[in-house]
Amino acid sequence: MISFDEEKKLFRLDTAHSTYCIFISDRAYVAHCYYGKKIACDDVSYLTRQKEYGFSDSPVFREKLGLLDFLPQEYPTDGVGDFRESALAITDSNGNNAVELKYKSYEISGGTNKFSGLPCVFDSGNAKSQTLRITMSDEVLGVTAELYYTVFDDTDAIVRSAKITSNAQNPVYIKKAFSASFDMDNDSYDIITLNGAWGRERHLERHPVHMGIQKTCSTRGVTSHQEHPFMAIVGHNTDWNSGNAYGINLIYSGSFTAQVQRNQFDALRTSIGINPENFSWKLCNGESFETPEAVLVFSENGLNGMSHAFHDLYRNHIIRSPFKNKMRPVLINNWEATYFDFDAEKLLDIAREAHKDGIEMLVMDDGWFGKRSFDDTSLGDWTVNEEKLKGGLKNLVDRVNALGMKFGIWFEPEMVSPDSDLFRAHPDWAIQIKGREPGMARCQYVLDITRKEVRDHIMDSIEAVLRSANIEYVKWDMNRHICDIGSVGLPADQIGEFNHRYVLAIYSMQEKLITDFPNLLLENCSSGGARFDPGMFYYSPQIWCSDDTDAFERLAIQEGTALVYPLSTMGAHVSVCPNHACGRTTPFKTRGYVALSGTFGYELDITKLSEEDRKMIPRQIELYKKFSPLVREGDYYKIASAAENNEYDAWASISRDKTHAFVTFVQIFNHPNYKTRMMKIPGLDENRTYTISWPDEDKEKYPTLKLSGSTIMNAGIPIHRDWGDFQAQLIYLEA
């Protein structure tokens with residue numbers, strides 16, 4: 001999968017369907033040669049065009065700047081003549097800003113790279129992997145950079161990272177250290193990013209690449225609702241099933257930058273990594289800094305092909321949870337049912353009724369601790385409010401278990417309320433700049449978890465609660481972002497390290513949690529989907545996708561999320577109408593169908609549901625149990641996007657052997673003078689015959705069909721118009 005031609009000075013990385021080539025140039029610069037569809041083992045060093053600068057072999061290298069500002073580079077640096085965006089910037093002890101890396105050596109080894117404190121890809125099952133390490137150095141600065149590239153034989157993804165080590169006598173300061181960068185010719189490309197806000201996370205946005213720099217980034221200390229650590233470079237004509245698509249994604253849960261720069265030579269430089277704004281990292285002699293891993297994907301089969309490569313990598317090589325390939329329990333969360341207004345008897349009423357309909361777990365959300373009756377108090381005081389939960393937590397959990405249900409609980413471990421025993425005892429534990437009024441959001445401050453004593457207190461408090469009763473699920477929330485960066489635990493010349501140290505602290509806390517409680521199902525959350533990223537998958541197999549559970553809004557949210565992440569990672573629940581986030585009313589049936597393409601559960605007061613809606617719950621759970629293996633392990637195909645056509649949305653989960661398919665169709669808007677829609681379903685075996693059924697539809701209107709895969713993919717199957725907006729259908733195909 002990885003090879004090096006010593007004579008041609010050419011590295012080659014091959015996945016099943018793609019090739020990535022790196023060339024050591026005449027002057028020992030590490031140059032990017034090619035990335036795209038798999039090619040023959042030719043000498044493609046000519047693609048760097050280094051000979052177009054006729055002075056590159058001259059004894060007097062008078063066109064160094066011309067070469068550096070033109071040469072496609074693997075890890076471009078700052079201050080020596082490449083005036084495009086750099087991947088690495090360092091300031092030395094004299095205040096100079098220049099880095100020039102030259103090739104020194106390489107190593108090809110089996111397996112993956114191991115990191116300290118960061119999530120990282122790993123080998124699993126029978127998959128084989130190889131890792132290339134290229135070592136470069138700047139002898140003047142006294143810095144070494146190691147570039148890592150890992151490929152697997154079961155996915156078309158390349159995983160990149162960098163390790164920077166100082167051998168300088170005096171400290172140096174990293175100002176920027178991206179995880180990956182690569183250059184390529186522009187070829188009429190578009191950019192796709194995932195943007196939004198609270199309640200409308202990860203909406204697809206697509207526009208042509210223009211001159212200059214286009215980037216998506218977060219400075220919030222988390223990946224954020226607003227932007228996402230992902231970018232795709234796709235051909236103008238690339239669609240869901242055809243055309244070239246390059247995707248980059250960062251395995252990281254903090255502030256990031258992903259960008260593309262189109263330059264004077266009509267070439268593109270794409271890069272991704274930790275956001276350099278307010279970032280600095282001090283390196284003393286012998287110390288190293290490791291960047292988070294970045295995932296690169298190339299697909300010639302459009303956006304669906306790109307999605308498959310990302311999904312395979314995350315399912316097989318980043319998610320470690322024992323629940324990864326298990327059916328998750330169908331849960332009911334009390335948040336939208338009660339908000340803060342509940343007690344033990346109210347929760348038990350919900351649990352009793354939920355159990356009757358086949359729901360398997362009760363999750364107690366915010367409001368169970370301290371004096372918490374609203375959002376302005378008690379965060380940090382993780383002791384049970386026995387006025388609400390009379391008899392204590394264990395009594396409640398035991399009574400829920402006695403019904404035959406599991407029990408889960410909500411925490412917000414990173415936060416503290418000014419009105420809390422914790423803040424009164426340790427006001428300096430909140431992140432703040434001395435003398436400046438700290439910014440408050442949702443009546444809470446952020447705890448400085450970069451300090452060990454703070455982390456230890458939080459984890460001791462949480463684990464004491466978890467050990468006190470039979471708790472099998474934790475929802476870990478974070479409801480505000482980070483500002484006023486200051487810490488008594490860091491000296492002045494290391495304050496720029498705070499944001500990254502904060503992310504490392506989160507990882508260490510969650511690593512401890514799942515190590516101490518290996519059978520715990522952990523779901524991450526951050527005001528919905530503000531920390532929905534592959535870094536968190538290393539610790540939790542699912543993340544709450546959005547606080548907006550409206551079925552129509554979820555189409556766009558889940559479409560953008562599924563572009564990169566497996567459906568099984570998306571926390572998706574059925575809630576009441578009018579929806580609490582947007583006020584829209586949609587059919588209960590449609591809400592269930594949309595949530596089936598996720599972890600599936602309920603966010604409502606089941607004791608107040610109409611009889612008509614409640615009767616649907618057992619059937620929805622039956623469908624979830626039938627189709628969950630396909631959703632969890634099958635290949636996802638987007639068929640149609642309501643954001644594009646304004647009429648309908650459709651997607652499929654298809655088994656890897658192409659014998660079964662589960663298709664969801666949602667009609668958005670109805671209009672008169674309509675003919676039956678013929679919907680083409682991609683990804684099937686054209687030589688198989690499929691039995692097509694509509695499990696919940698009238699058999700006269702939707703009789704079972706038998707059609708070949710080639711007919712279904714190219715001619716389509718009939719979708720009849722249902723009366724009204726937001727109607728939905730499930731379609732099942734079996735070979």
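Every value quoted in this text rests on a predicted model; they were computed, and no experiment measured them.
Put simply, the side chain of Val30 does not reach to within 4.5 Å of the side chain of Tyr75, judged on heavy atoms.
Asn96 and Asp92 share a side-chain donor-acceptor pair at under 3.5 Å. Residues Glu290 and Ser116 bring a donor and an acceptor atom of their side chains to less than 3.5 Å of each other. Between the side chains of Thr219 and Asn275, not a single donor N or O lies within less than 3.5 Å of an accepting N or O. Judged purely by distance below 3.5 Å, without hydrogens or angles, the side chains of Tyr565 and Asn249 pair a donor atom with an acceptor atom. Side chain to side chain, Tyr34 and Asp42 fail the donor-acceptor criterion of an N or O pair below 3.5 Å. Using a 3.5 Å distance cut-off with no hydrogens or angles, the side chains of Asp533 and Thr223 do pair a donor with an acceptor. Asn195 and His203 share no side-chain donor-acceptor pair at under 3.5 Å.
A cation-pi arrangement is present between Lys102 and Tyr29, with the terminal nitrogen or guanidinium carbon under 6.0 Å from the aromatic centre and inside a 45° cone about the axis. Remark: Lys638 is not positioned above the aromatic ring of Tyr636, lacking an NZ or CZ atom under 6.0 angstrom from the ring centre and at most 45 degrees off the axis.
Of the candidates Arg269, Arg262, Arg49, Arg269 is the only one forming a salt bridge (charged side-chain N to carboxylate O under 4.0 Å, His left out) with Asp183.
With hydrogens and angles disregarded, no donor-acceptor distance shorter than 3.5 Å links the side chain of Asp69 to the backbone of Leu65.
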Please lay out, stage by stage, how Leu296 and Tyr246 fare under the test side-chain contact (heavy atoms from CB on, under 4.5 Å). CA-CA 7 Å; Leu296 281 62; Tyr246 297 85; over 6 Å; no
Assess whether side-chain hydrogen bond (donor to acceptor under 3.5 Å, both in side chains) is satisfied between Ser242 and Asp239, documenting all intermediate values. CA-CA 6 Å; Ser242 64; Asp239 57 24; 2.9 Å; yes
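In this structure, Ser3 OG and Asp14 CG are separated by 6.5 Å, a value rounded to the nearest 0.5 Å. Rounding to the nearest 0.5 Å places CG of Leu71 at 5.5 Å from OG of Ser25. Between the OG atom in Ser271 and the CD atom in Glu85 there is a gap of 6.5 Å [rounded to 0.5 Å]. Here the straight-line distance linking atom CG of Leu88 with atom OG1 of Thr77 works out to 6.5 Å at 0.5 Å rounding. Between Thr270 atom OG1 and His32 atom NE2 the span is 9.0 Å, to the nearest 0.5 Å.
His317 and Phe537 have their aromatic ring centers separated by at least 6.0 angstrom. For Tyr507 and Tyr502, the ring centers are positioned 6.0 Å apart or more.
Note on ring orientation: taking the six-membered ring where Trp is involved, the planes of Phe122 and Tyr538 are tilted (angle from 30° to 60°).
We find that Glu227 and Arg220 are not joined by a salt bridge, their nearest charged nitrogen and carboxylate oxygen being 4.0 Å or further apart. In this structure, Arg554 does not pair ionically with Asp649, as no charged nitrogen and carboxylate oxygen lie closer than 4.0 Å.
For residues 151-162, the salt bridge (charged side-chain N to carboxylate O under 4.0 Å, His left out) pairs, not counting sequence neighbours, are Glu74-Arg160.
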